[in-house]
Each structure stands twice: as C-alpha cells, then as structure tokens.
A.B. asks: 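Below: one structure in structure tokens.
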Amino acid sequence: MRGSKTTCLSGSFWQFLNYETPKMMVVKNRNLGTIYRFVQLLIIIYFVWYVFIIQKGYQARETGPESSVITKVKGISTSEVPGLGEKVWDVAEYVKPPEGGSVFTIITRTESTTLQTLRTCPESSSAPGSNCSSSGDCPNGEMHMLGNGQKTGRCVHLDNKTERTCEIFGWCPVEDRSVLSESLQKFVPEFTILIKNNIHFPQFRFSKGNIEENKDDYLKMCSFHPVTDLYCPIFKLGFIVQEAGENFTELAEKGGVIGVVINWNCNLDLDSSQCNPQYSFRRLDPRNSKASSGYNYRFAKYYRQNGSESRILIKAYGIRIDVIVHGEAGKFSLIPTIINLATALTSIGVVWKNQDKSKTSGTSCTDISTQESSPVETSNGIQL
C-alpha cells in the first residue's frame, strides 16, 4: 500500500512538470485566411501606432504632480461714487483674498449699503414671509434664514407708506433700500496677474517651474506670449477673459468664474527643456443660467460713529480666477515594455514552432501537398 501511494504521488508530481501545447488545425480557405490576416494587421497597427507611438506604452507613467501656485495682481482703477466723486482702488481693496493663492477674486463692481447700525426697521419686501397686514402676521422672535433680522412682532409701513412689512431688529437700513453702485471696470482689463507655478514628479524625481530663472529683471519687462515668452507667466486680465471667449463688459457687470488651466505633459526620455507648460482658459460657471450664472459675495467694513458700532455692507461682483494644474510624465521602463509586447504577440496569435530541418530540407511542393493530403490512421481506426 505504501509503495503504491508513493508511486501515485511521484506520478502526479512528474505530470505536473509536463509541457503542454495546443493542437492546431489548418483551414485551407482563402476567404477566412484573408479575414484572419487582415484582423492580425489591424491588431499590429493598433499596438505599433496607438499603444507604442501615441500612448508610449514603453514608458512608466505618473499623473497628478505635486504642485504649488502663487499669484500676484497689480494695477490701479477708479470708480465714480454718486454724490462723492471719483474714488481710487488699489490692490489691497479689489483683490480677495490677498494671500495670493490659486483661487482669488478681482472685484469689478460693488453695491454698498452705508451707515448700517443695529436697530429696528422694516424688513425688505423681497424677503420671504415679510409682507403683512397686521401684527399677527409677524410672530415676535421669529427669524427667517433668508431675511435680514429678528421679527419684533409689529407690522409697519415701508417708506412708500402703502406697502407693509414686518419690523425686524438687525442691521438697518436693510440692503435693498439704500444702495450705492460703483463700477471699476474702466481700467480692470489692464490689470496684470503673475501666476507662479512649480511642479514635482516624485516617482522620477523631476521638478520644474514656469518662470525663466536665468535672466535678470526678465519679469519686469515681459508679458506672456505662447511662442516668444512662454516662461513669462504675466497675463493681462483682459487677455484671459478674451481667451476664454467672454465679453469683458458683461462679465464685469454680473461676475463670473474663469479657469486658468496649466498642463504639464512631460516626456522625460527627452531633454528637460522639452517639458513645457501649456495654458488654456475657459469659463467655469454656467453662462446662461438664471439661477447660478455670475459671481458675487458680501463682506462688511466696521467702524464706530458717535460711540456706536456701524458698518458698510458691500455686495461685490467680480471675476474669480481658478488656477488648475494638470500633468503627466513618462519615462522608459522595461516592465511596461515587456507587458505590452507580450500582450501584442498574444493578440496576433504568434506561435513559435520548432521544425525538424532534416525532414523539411529538400522537400518539394509536390511532396508537401502529398504529405498533407495523405490520410493518417489513428489507433481507433479513424482516418484524419
């Protein structure tokens, strides 16, 4: 018994080490053969042209580089303040936030509500649930999240003496009752924006920036041009809006979001000078949507007047700039090359066959035909 088990296990082990090959059948049909070779040709073209040339299948690739963006805006503009004359705006006032990050806003128009103090006043007629006919319509202490303050329980007349709204305690007068509008867009298209970008591909230990570092005072006198000044990332705001296909006057009136896309596609098998940034510009917010088109936000400036706290509420319309960085780098690597070659050879059905030269040498076409057409009898008596 022990000997038979040992023999069985030994046989199974040696069977495991056997080499197996598939049986092949040759079909002598020219139509099928033509289709088969044509499909093989298409597969070869796909792998050679698309996989290895277009997709560079012989390279290891890395996407999403580590990136840093620093921005700086320069320029001065003016606006006409009704009743007060001309006002000058500098960078400290029209750029929000001032830190110089990848997302910032340049204010192009403002609507200001001045001399707001904490007191009671009629609610805006445009606020939800503000209209009333009696004090019973204004529950004391109630607040609506889209309103401007806390209801006092009284129903009062607006300034027109005909319409009535609930009285509130809050920052009065409310926003839509005394607004001063100012437009800065006269000189805003000439504002310059410096966009400093550095990228790093950790897999390949490769870093590069979008600024020419070897020329003294280069940034003081240059302006971006995609051919002559690619490494001078100083853009005029009017140029960015134009490249995004927008009308500057309309955009400055309602505001909007413009994306500055920097794309780094680097073939690291070439010299590093061939790895260059590519810039594109497009509007990111929906242009024709009534609900979400445009861009605006509110902020307040506080001060003390006659011993009480007051503020100016500013609704700012502006052009928001989003700097978006994409990138991909590739470099030759043996592993993806072998994988793609193996996939290509498997797909076209390449089979290596060892032939006995002694049997094939000197054999004529007639002999081959005869050999192929002669029947072969198997052990079961069946002829093939």
Side-chain angles (χ1 to χ4, degrees), residues 73 76-101 103-132 135-185 188 252-255 294-320:
V73 183
I76 296 178
S77 188
T78 61
S79 66
E80 192 71 27
V81 183
L84 298 177
E86 198 171 52
K87 176 183 175 181
V88 176
W89 293 72
D90 61 12
V91 177
E93 292 186 284
Y94 62 72
V95 176
K96 304 290 181 181
E99 290 85 359
V103 179
F104 60 94
T105 301
I106 296 176
I107 298 174
T108 56
R109 187 171 70 88
T110 63
E111 293 179 352
S112 302
T113 305
T114 60
L115 302 176
Q116 280 192 326
T117 57
L118 283 171
R119 54 189 174 90
T120 60
C121 62
E123 175 64 285
S124 169
S125 59
S126 61
S130 62
N131 294 312
C132 61
S135 296
D137 298 328
C138 306
N140 185 23
E142 183 182 75
M143 286 194 301
H144 196 286
M145 291 299 103
L146 299 179
N148 294 285
Q150 186 179 41
K151 294 179 181 179
T152 63
R154 299 177 57 201
C155 182
V156 296
H157 287 279
L158 288 174
D159 293 339
N160 56 23
K161 305 300 183 182
T162 56
E163 192 174 6
R164 302 177 70 184
T165 62
C166 294
E167 185 183 63
I168 61 167
F169 175 77
W171 289 100
C172 298
V174 293
E175 184 177 7
D176 63 349
R177 296 189 49 202
S178 57
V179 172
L180 296 178
S181 180
E182 302 176 57
S183 176
L184 292 73
Q185 61 177 283
V188 172
E253 180 69 19
K254 295 183 178 180
Y295 178 75
N296 63 78
Y297 63 96
R298 292 171 174 83
F299 64 96
K301 295 181 178 181
Y302 294 87
Y303 58 93
R304 296 193 69 84
Q305 185 178 35
N306 299 326
S308 62
E309 187 177 33
S310 302
R311 76 174 189 179
I312 300 175
L313 178 64
I314 301 173
K315 183 179 182 181
Y317 295 83
I319 300 174
R320 195 179 94 169

A.B. asks: Should Trp171 and Leu313 be marked as a side chain to side chain contact (heavy atoms under 4.5 Å, CB included) after you check the CA-CA gap, both sets of side-chain angles, and the distance that decides it?
C.D. replies: CA-CA 9 Å; Trp171 289 100; Leu313 178 64; over 6 Å; no
A.B. asks: Taking only residues at least two apart or on different chains, which pairs with a member in residues 302-311 satisfy salt bridge (Lys or Arg N to Asp or Glu O under 4.0 Å)?
C.D. replies: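 Listed by first then second residue: nothing to list.
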A.B. asks: For the backbone of Glu80 and the side chain of Glu86, can you confirm whether one donor and one acceptor N or O come within less than 3.5 Å of each other?
C.D. replies: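 Side chain of Glu86 to backbone of Glu80, a donor-acceptor pair under 3.5 Å: no, none is there.
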A.B. asks: Can you tell me how far the CG atom of Asn296 sits from the NZ atom of Lys254, to the nearest 0.5 Å?
C.D. replies: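 Spacing of CG (Asn296) from NZ (Lys254) equals 11.5 Å.
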A.B. asks: Measure SG to SG for Cys166 and Cys132 and state whether it is below 2.5 Å.
C.D. replies: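 No disulfide here.
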A.B. asks: Drop me the distance from Lys151's NZ to Cys138's SG, to the nearest 0.5 angstrom.
C.D. replies: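 Going from NZ on Lys151 over to SG on Cys138, the span is 5.5 Å.
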A.B. asks: How many angstroms lie between atom CD of Glu163 and atom NE2 of His157, to the nearest 0.5 angstrom?
C.D. replies: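 Glu163 CD to His157 NE2: 11.0 Å, rounded to 0.5 Å.
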A.B. asks: To check you understand the geometry: which heavy-atom pair defines the closest contact between Phe104 and Pro97, and what is its length?
C.D. replies: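 Minimum heavy-atom separation between Phe104 and Pro97: CA-CD, 4.2 Å.
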A.B. asks: Indicate whether any N or O donor in one side chain lies under 3.5 Å from an N or O acceptor in the other, for Ser112 and Thr114.
C.D. replies: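 Absent: no donor and acceptor within the cut-off.
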A.B. asks: Which atom pair, heavy atoms only, marks the closest approach of Gln116 to Glu175?
C.D. replies: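 Here Gln116 and Glu175 meet closest at NE2-N, 4.3 Å.
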A.B. asks: When you measure from the side chain of Thr110 to the backbone of Ile314, do you find a donor-acceptor pair of N or O atoms at a distance under 3.5 Å?
C.D. replies: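 Pair absent, no side-chain N/O of Thr110 close to backbone of Ile314.
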A.B. asks: Quick check: closest heavy atoms across Thr165 and Pro122, and the distance to 0.1 Å?
C.D. replies: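 The pair with the smallest heavy-atom distance is OG1-CB, 3.6 Å.
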A.B. asks: Can you give me the closest heavy-atom contact between Ile107 and Glu93, atom names plus distance?
C.D. replies: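 Minimum heavy-atom contact is CD1-O, 3.8 Å.
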A.B. asks: What pair of heavy atoms forms the shortest contact from Tyr94 to Trp89, and how long is it?
C.D. replies: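 What the structure gives for the nearest pair is CE2-O, 4.0 Å.
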A.B. asks: Compute whether any side-chain donor of one residue and acceptor of the other, for Arg154 and Thr152, lie under 3.5 angstrom apart.
C.D. replies: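 Looking only at side-chain atoms, Thr152 and Arg154 do not form any donor-acceptor pair under 3.5 Å.
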A.B. asks: Judged by modelled atom types alone, do Ser130 and Glu123 share a side-chain donor-acceptor pair under 3.5 Å?
C.D. replies: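 Looking only at side-chain atoms, Glu123 and Ser130 do not form any donor-acceptor pair under 3.5 Å.
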A.B. asks: Check the surroundings of atom CG in Leu118: do more than 12 heavy atoms from other residues, nucleotides or ligands lie under 6.0 Å from it?
C.D. replies: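 For Leu118, atom CG is crowded (more than 12 foreign heavy atoms under 6.0 Å).
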A.B. asks: Measure the shortest side-chain to side-chain distance between Val174 and Cys121 over non-hydrogen atoms and say whether it is less than 4.5 angstrom.
C.D. replies: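 Side-chain contact under 4.5 Å: yes.
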A.B. asks: For the CZ atom of Arg109 and the CD atom of Glu253, what is their distance to the nearest 0.5 Å?
C.D. replies: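 Arg109 CZ to Glu253 CD: 4.0 Å, rounded to 0.5 Å.
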A.B. asks: Of the non-hydrogen atoms in Ile168 and Gly149, which two are nearest, and what is the gap between them?
C.D. replies: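 Nearest heavy atoms, Ile168 then Gly149: CD1-N, 3.8 Å.
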A.B. asks: Looking at CZ of Arg298 and NZ of Lys315, how far apart are the two atoms once the value is rounded to the nearest 0.5 Å?
C.D. replies: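 The NZ atom of Lys315 is 4.5 Å from CZ of Arg298, to the nearest 0.5 Å.
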A.B. asks: Would you compute the distance between atom OG1 of Thr117 and atom CD of Gln305 and round it to the nearest 0.5 angstrom?
C.D. replies: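 Rounded to the nearest 0.5 Å, the OG1-CD separation comes to 9.0 Å.
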